[in-house]
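A short write-up of the structure that comes next.
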Amino acid sequence: MTLSFNPDSVPVPSGHHIGGRFVDLPGEEIAVLRPSDEKPMGQITDGGAVAVDMAVVAAKKALAETGWARMNPRDRAKVLFRFAEKIEEKAIYLGRLEAMGSSRLISGTVTGDAVRTAGVVRYFAEYCDKLEGIVTATKADTLSYTRREPYGIAGAIVPWNFPMITAAWKFAPALAAGNAVIMKTSELTPHSLLALAECAAEAGLPGGLFNVINGWGHTTGAAIVAHPAIGIVSFTGSTKTGAAIMSLAANSGIKPVVLELGGKSPQIVTHDPGDMETVATRVATAFMANAGQVCTLASRLIVQRSVADELVERVLAKARVIKPGPTWDETTTFAPIISATQFNRIDAMVQQTVQQGAEVLTGGQRLEGPNAGNFYAPTVLANVSRDNLGFTDEFFGPVMNVTTFDDIEEAIAEAQHPTYGLAASVHTQDLKVALKVADAVEAGMVWVNQHGRDPEFTYAAGGWKGAGFGKDMGRAGIEEFTRQKAVWINYN
Ligand code: NAD
């Protein structure tokens, strides 16, 4: 069966999804375009504080009427398992919607993003009855224990680069822990999350537990962060927005935030990385996948001098054989940039990086695609000094800087970034070198002999420093949506 499809034949949801159903509310209209051809995909309205208030009322009612937080955890799990099944049933539709509205290619959105989203829901459903507290050591005749409780209503705000997956990393653990959720995805990619909310309703999740509202970040997003009834905000997006959210959360009544932010991740290749063609494929994929619109993108290649020429030549050859095209064509291998604004931002940054002394080894310009979408050529830059904008800031596009080193201490020093600490990788056959890098590098995630993890659910993802704090996925991912209560009982 071909995965390719006609984008004009796919129904697109509209409105907000509040209280278990689609709701139209007045508000500023926001046109949503298909990144592959810049044609209109749909229209949303900026829900703002009115939509957030409405979602809070629906969430409170649902929590009170269903006892979601206090019900037998296995019963919560049953509903979430049905939700996962519904997502799988609709995987083709969800995968198409994701491919139409974002930079994700149809070759990866059905069996990848959609089925994986179901997997995330199932993984956290299995956690419903595995959240445990501890009994602490005390004097006799005393029982002191901690228990984990949900916050009540959790807020979540996510970006456009993996709209369903990044959303699932938040709504699934939040629901499994017994919270109701109010979510906003990017104004550029609202539709697949709306469709997921509809899946939840069809699967029997009581209305009001999972609400999706649309709008701009500075209005609707800020209204989620500032709402006094929302107990925690989990955010994925840029470091700049993360800082604004942390500040707003502090100034509107103090609430915890989880921040999954940007990166400038290094990839170290030593003189003995194994088969060079395999390594070149990994390096090329690590900066070109999703046209570089990946938070953990390997944007800095740090390669040992003795193998640098050979590796870079092989990577450049791979950058020449990509196939840009519409996301709904299964033969496309290289994605469009999400929007003209983002395209212009990447290009302006590359031009400025070059003006500040960088050398372009390939790319640095628009790539002509078959449609009107904005494609940016895979770009490899050399001589990017540490005070160059191209080093200090995130491109969030298919751009990689190359630096060489002679000994591993030099590579580790180069890998440390003053601002970011999201992820890092090292490719080597030398176990001692691998462990040395894994120990020394300042990053929340380190990979050896691959850049990026396999799609396992157990792996707690998250960054250090300007890349944020807190974890998505794994046990830590659900614990983020609980707060600990310490109970002391004197039974003397
Ligand atoms: P962004 O920060 O511009 O927007 C992210 C979300 O925040 C959107 O839904 C937006 O509407 C909302 N928002 C914007 N301003 C807001 C405000 N003042 N208050 C509340 N909400 C606000 O990011 P983006 O351009 O959508 O996404 C790209 C960024 O996301 C990159 O920096 C990338 O590295 C990062 N990212 C990080 C991870 C991770 O796991 N660490 C994963 C994916 C993307």
Side-chain angles (χ1 to χ4, degrees), residues 30 32 35 44 46-49 52 102-104 113 155-170 182-190 193 212-227 230 233-249 251-252 255 257-265 289-299 337-339 341-343 345-346 349 393-397 399 417 419-423 443-445 452-453 459-474 477 480:
I30 304 171
V32 182
I44 54 167
D46 184 23
V52 177
S102 77
S103 55
R104 305 287 302 132
D113 303 40
I157 301 172
V158 291
W160 45 261
N161 59 335
F162 293 83
M164 285 198 291
I165 294 270
T166 51
W169 287 1
K170 300 190 189 298
I182 298 177
M183 286 209 75
K184 190 192 96 62
T185 184
S186 169
E187 55 282 5
L188 298 171
T189 55
L193 187 56
V212 173
I213 52 179
N214 298 312
W216 301 115
H218 66 281
T219 51
T220 304
I224 291 176
V225 179
H227 202 291
I230 294 179
V233 173
S234 183
F235 170 74
T236 300
S238 64
T239 299
K240 188 168 163 239
T241 307
I245 283 177
M246 197 171 169
S247 166
L248 184 56
N251 290 312
S252 52
K255 69 183 59 160
V257 289
V258 173
L259 301 178
E260 306 292 352
L261 310 178
K264 194 79 188 173
S265 301
N290 208 26
Q293 300 161 110
V294 181
C295 56
T296 51
L297 167 82
S299 50
I337 301 299
I338 191 74
S339 66
T341 307
Q342 182 63 11
F343 175 94
R345 191 187 151 274
I346 295 167
M349 242 186 103
D393 284 22
E394 190 185 23
F395 287 103
F396 215 57
V399 186
H417 195 279
T419 308
Y420 296 107
L422 185 57
M445 297 176 271
R453 61 189 177 283
Y459 187 89
W464 287 9
K465 308 200 298 190
F469 50 80
K471 296 287 182 187
D472 273 334
M473 296 307 299
E480 297 287 4

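First listed ligand is number 1; within each ligand, the first listed atom is number 1.
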Do any N or O atoms from the side chain of [X] and from the backbone of [Y] form a donor-acceptor pair under 3.5 angstrom?
{"X": "S102", "Y": "N161", "value": "no"}
{"X": "K184", "Y": "G215", "value": "yes"}
{"X": "T241", "Y": "G237", "value": "no"}
{"X": "K465", "Y": "G444", "value": "no"}
{"X": "S265", "Y": "A423", "value": "yes"}

As an exercise, identify every atom of ligand 1 less than 4.0 angstrom from a heavy atom of [X].
{"X": "P159", "answer": "24 (P), 26 (O), 27 (O), 43 (C), 44 (C)"}
{"X": "T236", "answer": "5 (C), 36 (N), 37 (C), 38 (C), 39 (C), 40 (O), 42 (C), 43 (C), 44 (C)"}
{"X": "T185", "answer": "9 (O)"}
{"X": "I245", "answer": "19 (N), 20 (C), 21 (N)"}

Heavy-atom distance to [atom]: which of [options] wins?
{"atom": "atom 35 (C) of ligand 1", "options": "G237, G262, S247", "answer": "G237"}
{"atom": "atom 5 (C) of ligand 1", "options": "W169, W160, F235", "answer": "F235"}
{"atom": "atom 36 (N) of ligand 1", "options": "G463, G462, C295, A222", "answer": "C295"}
{"atom": "atom 32 (O) of ligand 1", "options": "M445, E394, R345", "answer": "E394"}

[atom]: which protein heavy atom is closest, and how many Å away?
{"atom": "atom 41 (N) of ligand 1", "answer": "L261 O, 2.7 Å"}
{"atom": "atom 28 (C) of ligand 1", "answer": "F396 CE2, 3.5 Å"}
{"atom": "atom 23 (O) of ligand 1", "answer": "S238 N, 3.5 Å"}
{"atom": "atom 9 (O) of ligand 1", "answer": "V158 O, 2.9 Å"}
{"atom": "atom 12 (C) of ligand 1", "answer": "I157 CG2, 3.7 Å"}
{"atom": "atom 19 (N) of ligand 1", "answer": "G217 O, 3.3 Å"}

Practice item. Specify whether W216 and H218 have parallel, tilted or perpendicular ring planes, treating 30° as the upper limit for parallel and 60° as the lower limit for perpendicular. Key: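 Rings of W216 and H218: parallel, as their planes differ by under 30°.
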Exercise. Looking at ligand 1, does any of its N/O atoms fall within less than 3.5 Å of an N/O of T241?
Worked result: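 Yes; at least one N/O pair falls below 3.5 Å.
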Is any N or O atom of W216, backbone or side chain, closer than 3.5 Å to an N or O atom of ligand 1?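 N/O-N/O distance below 3.5 Å does not exist for this pair.
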query: Taking all atoms of both residues into account, what is the closest heavy-atom pair of S234 and D472, and its distance?
result: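 So the minimum-distance heavy-atom pair works out to OG-OD1, 4.4 Å.
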[X] and ligand 1 - part of the residue with a heavy-atom distance under 4.0 Å:
{"X": "E187", "answer": "side chain"}
{"X": "N161", "answer": "side chain"}
{"X": "T296", "answer": "neither"}

Is the closest side-chain heavy-atom distance between [X] and [Y] below 4.5 Å?
{"X": "Y420", "Y": "E394", "value": "yes"}
{"X": "I44", "Y": "V32", "value": "yes"}
{"X": "V257", "Y": "I245", "value": "yes"}

query = S186 near ligand 1, heavy-atom distance under 4.0 Å?
reply =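 The answer is yes, since S186 has a heavy atom less than 4.0 Å from ligand 1.
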Within 6.0 angstrom of M246 CE, more than 12 heavy atoms from elsewhere: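 Not buried by this count: 12 neighbours or fewer within 6.0 Å.
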(Q) Going by side chain to side chain contact (heavy atoms under 4.5 Å, CB included), name the residues that satisfy it together with E480, two or more places apart in sequence or in a different chain. (A)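 With sequence neighbours excluded, E480 shows a side chain to side chain contact (heavy atoms under 4.5 Å, CB included) to V258, K471, given in chain and number order.
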